[in-house]
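Every chain is numbered from 1 and lettered A, B, ... according to where its sequence line falls, protein lines coming before strand lines.
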Number of protein chains: 2
Amino acid sequence: MIPESFRRNFEPALQELLDNETFAISLDKGEVLLDQGAFITHIPIVLDGRLKVSQTDDDGHELFLYFIEPLESCVMTYTCCDGEAKSKIRAVAETDSEVMMIPKEKLETLMGFRTWRSFMMNAFRERFAELIDVLNSIAFTQLDQRLIKYLKEKAGGQSSISITHQAIAEDLNSSREVISRLLKQLESQGKVSLGRNHIELKK
Amino acid sequence: MIPESFRRNFEPALQELLDNETFAISLDKGEVLLDQGAFITHIPIVLDGRLKVSQTDDDGHELFLYFIEPLESCVMTYTCCDGEAKSKIRAVAETDSEVMMIPKEKLETLMGFRTWRSFMMNAFRERFAELIDVLNSIAFTQLDQRLIKYLKEKAGGQSSISITHQAIAEDLNSSREVISRLLKQLESQGKVSLGRNHIELKK
DNA sequence: AGAATAAAGTGACTTAAATCACAAAATGGG
DNA sequence: CCCATTTTGTGATTTAAGTCACTTTATTCT
């Protein structure tokens with residue numbers, strides 16, 4: 001159930017612990033794993049698929065933060081494990097996904113293992129870097145560049161994406177018209193080709 | 001040397017460890033504690049004063065991230081402790097500061113203590129929240145609102161701030177003229193009063 | 001005190017992006 | 001196949017913010 005590539009990182013005792021104390025769930029595309037304001041009871045680690053993490057501020061603006069890809073975990077949940085912390089973020093399945101769930105009571109035990117701490121610290125580091133990256137890109141990068149980056153990320157290796165201009169606009173905090181125009185621009189530059197509900201990345 | 005209010009959080013054994021294995025340094029205003037790209041050798045915890053944390057991207061844009069206030073530590077350094085990681089951020093003393101330094105080799109030992117892990121997780125949580133906050137504010141908030149928030153943060157209780165419009169502009173990734181104009185606006189709204197090198201928060 | 005430097009003020013202009021107000025395709029269900 | 005709904009295209013206008021080009025006002029230094 002836990003992929004070997006992931007287990008390998010840990011010593012046998014920890015592997016066994018993970019085998020016994022965690023379980024996996026399947027999420028359908030669009031299903032909400034963790035809602036903002038909900039109590040955190042488990043730490044999720046994505047086994048397959050992709051989660052989209054976002055945050056909605058007081059004024060109802062939804063801010064897309066990042067994707068959680070396979071073998072990554074949601075660092076926000078780690079920090080919420082002592083106390084009855086509520087989640088500050090929302091995690092939704094972007095595609096059908098498999099997620100390994102670790103009950104939060106088990107975290108203390110896991111933290112006893114050096115390799116687990118190392119895994120966790122790594123997760124923190126990467127997520128921090130990612131957040132700073134998003135920040136940078138919002139602060140300095142023009143929308144067309146952000147759009148390209150978003151498309152590549154979203155494609156994740158594939159060359160074709162199924163999404164509406166409206167949905168992109170929401171993720172990038174822009175408006176549909178602007179995204180449509182930028183996409184046209186990218187098309188005329190030969191960087192993408194467009195279809196209804198469909199974007200093809202070129203080269 | 002370590003303030004009692006801080007020590008109290010930890011069990012005696014850990015207190016003793018901190019007493020023996022850490023040391024404090026004084027930084028003059030403007031002194032660089034940790035430069036971007038530098039190897040991380042110590043984990044800093046601010047005892048007094050304030051550190052300013054920023055990141056410079058490939059194009060040379062400097063992005064102000066957050067302040068580290070007393071009894072807060074720099075979470076970025078935690079994550080860089082295994083391996084020969086280089087710092088992704090830059091920490092500069094905003095005011096004369098006292099900083100407690102923990103050699104990174106000691107971190108593994110500290111992580112053995114439940115109370116330390118709890119302190120650390122807390123630090124992560126707060127910093128994450130802060131980063132998301134900055135992100136939100138850049139993404140959705142108009143410059144005048146961000147300016148007000150910045151001034152309040154910078155004042156930190158005090159009502160008077162010593163800073164030039166230019167410096168504010170740099171922290172907010174704006175331009176001097178724009179900041180000057182917005183400040184004028186705030187002044188005409190009675191929210192601040194202005195002097196050369198000096199801003200007074202009203203109410 | 002007077003020159004040099006730093007800080008702040010101001011108008012004119014440009015620009016990226018948002019908004020408004022529609023029109024035109026594409027799709028899908030009955 | 002036709003009509004309703006989604007999705008996309010496009011012009012016109014507005015707006016916040018950035019840029020340019022100076023001027024004016026404080027400070028500081030010799």
Side-chain angles (χ1 to χ4, degrees), chain A residues 29-30 57 59-64 134-151 154 160-201, chain B residues 29-30 57 59-64 134-151 154 160-201:
Chain A
K29 176 176 175 176
D57 75 1
D59 307 336
H61 298 292
E62 183 167 348
L63 181 61
F64 163 68
V134 175
L135 205 47
N136 248 309
S137 113
I138 291 184
F140 302 117
T141 312
Q142 309 217 133
L143 201 50
D144 58 343
Q145 295 305 307
R146 288 178 59 208
L147 176 57
I148 292 174
K149 193 182 159 214
Y150 173 87
L151 292 175
K154 181 101 184 169
S160 139
I161 308 170
S162 284
I163 194 172
T164 69
H165 300 182
Q166 181 63 47
I168 297 176
E170 278 159 19
D171 279 350
L172 296 181
N173 310 305
S174 178
S175 64
R176 203 261 315 155
E177 297 93 318
V178 172
I179 297 298
S180 285
R181 274 187 264 253
L182 288 177
L183 281 171
K184 274 268 128 163
Q185 215 176 282
L186 290 179
E187 190 178 39
S188 79
Q189 291 166 21
K191 293 181 182 166
V192 300
S193 63
L194 302 175
R196 186 188 171 92
N197 253 315
H198 178 91
I199 298 171
E200 195 77 23
L201 292 185
Chain B
K29 177 177 172 174
D57 75 0
D59 306 337
H61 298 293
E62 185 167 349
L63 180 63
F64 162 68
V134 174
L135 205 47
N136 249 308
S137 114
I138 291 185
F140 302 116
T141 314
Q142 309 217 131
L143 200 49
D144 58 343
Q145 296 304 309
R146 288 178 60 208
L147 177 56
I148 291 173
K149 192 182 160 216
Y150 174 86
L151 292 175
K154 180 102 185 170
S160 139
I161 308 170
S162 284
I163 195 172
T164 69
H165 299 182
Q166 180 63 49
I168 298 175
E170 280 159 16
D171 279 351
L172 297 181
N173 311 304
S174 178
S175 64
R176 204 257 318 152
E177 297 93 316
V178 172
I179 297 297
S180 286
R181 274 187 263 252
L182 288 177
L183 282 170
K184 275 268 127 161
Q185 217 175 280
L186 290 179
E187 190 178 40
S188 79
Q189 291 167 22
K191 294 183 181 166
V192 299
S193 64
L194 303 174
R196 186 190 171 90
N197 252 316
H198 179 91
I199 298 171
E200 195 78 24
L201 292 185

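Taking NZ from A/Lys154 and CD1 from A/Ile168, the interatomic distance works out to 8.0 Å, rounded to the nearest 0.5 Å. How far CG of A/Leu183 is from CG of A/Leu151: 6.5 Å, rounded to the nearest 0.5 Å. A distance of 13.5 Å separates CG of B/Asp144 from NZ of B/Lys149, quoted to the nearest 0.5 Å. With rounding to the nearest 0.5 Å, the separation of CD1 in B/Ile161 from CG in B/Leu194 is 10.5 Å. Rounding to the nearest 0.5 angstrom, the gap separating the CG atom in B/Leu182 from the CG atom in B/Leu143 is 5.0 Å. Here the CZ-CZ distance, from A/Arg146 to A/Phe140, works out to 13.0 Å after rounding to the nearest 0.5 Å.
Closest approach of B/Ser160 to B/Glu200, counting heavy atoms only: CB-OE1, 3.5 Å.
Remark: A/Ala139 pairs with B/Leu63, B/Ile138, B/Asn173 by the side chain to side chain contact (heavy atoms under 4.5 Å, CB included) rule, at least two apart or across chains. A search for side chain to side chain contact (heavy atoms under 4.5 Å, CB included) contacts involving A/Ser162 returns nothing, not counting sequence neighbours. B/Gln185 pairs by the side chain to side chain donor-acceptor pair (under 3.5 Å) definition with nothing, not counting sequence neighbours. Listed by chain and number, the residues in a ring-ring contact (aromatic ring centres under 6.0 Å, His included) with A/His198 amount to none (sequence neighbours excluded). By the side chain to side chain contact (heavy atoms under 4.5 Å, CB included) test, B/Lys191 is found to be paired with B/Ile148, B/Leu186, B/Gln189, residues two or more places apart in sequence or in another chain being considered. The ring-ring contact (aromatic ring centres under 6.0 Å, His included) search around A/Tyr150 returns none, not counting sequence neighbours. Applying the side chain to side chain contact (heavy atoms under 4.5 Å, CB included) criterion to B/Arg176, with sequence neighbours excluded, gives B/His165, B/Gln166, B/Ser180.
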Starting at the 5' end of DNA chain D, write a dot or bracket for each base, bracketing those in Watson-Crick or G-U wobble pairs whose two distances are under 3.5 Å and using | for partners on another strand. ||||||||||||||||||||||||||||||
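In this structure, the side chains of B/Ile163 and B/Asn197 stay at 4.5 Å or more apart for every pair of heavy atoms.
Contact check of residues 165-186 of chain A against DNA chain C (heavy atom, cut-off under 4.0 Å) returns A/Asn173, A/Ser174, A/Ser175, A/Glu177, A/Val178, A/Arg181. For the segment residues 135-144 of chain B, the set of residues with a heavy atom within less than 4.0 Å of an atom of DNA chain C is empty.
In the 5' to 3' direction, nucleotides of DNA chain C lying under 4.0 Å from heavy atoms of chain B begin and end at C/dA6 to C/dA12. Of all nucleotides in DNA chain D having an atom under 4.0 Å from a heavy atom of chain A, the first and last in 5' to 3' order are D/dT6 to D/dA12.
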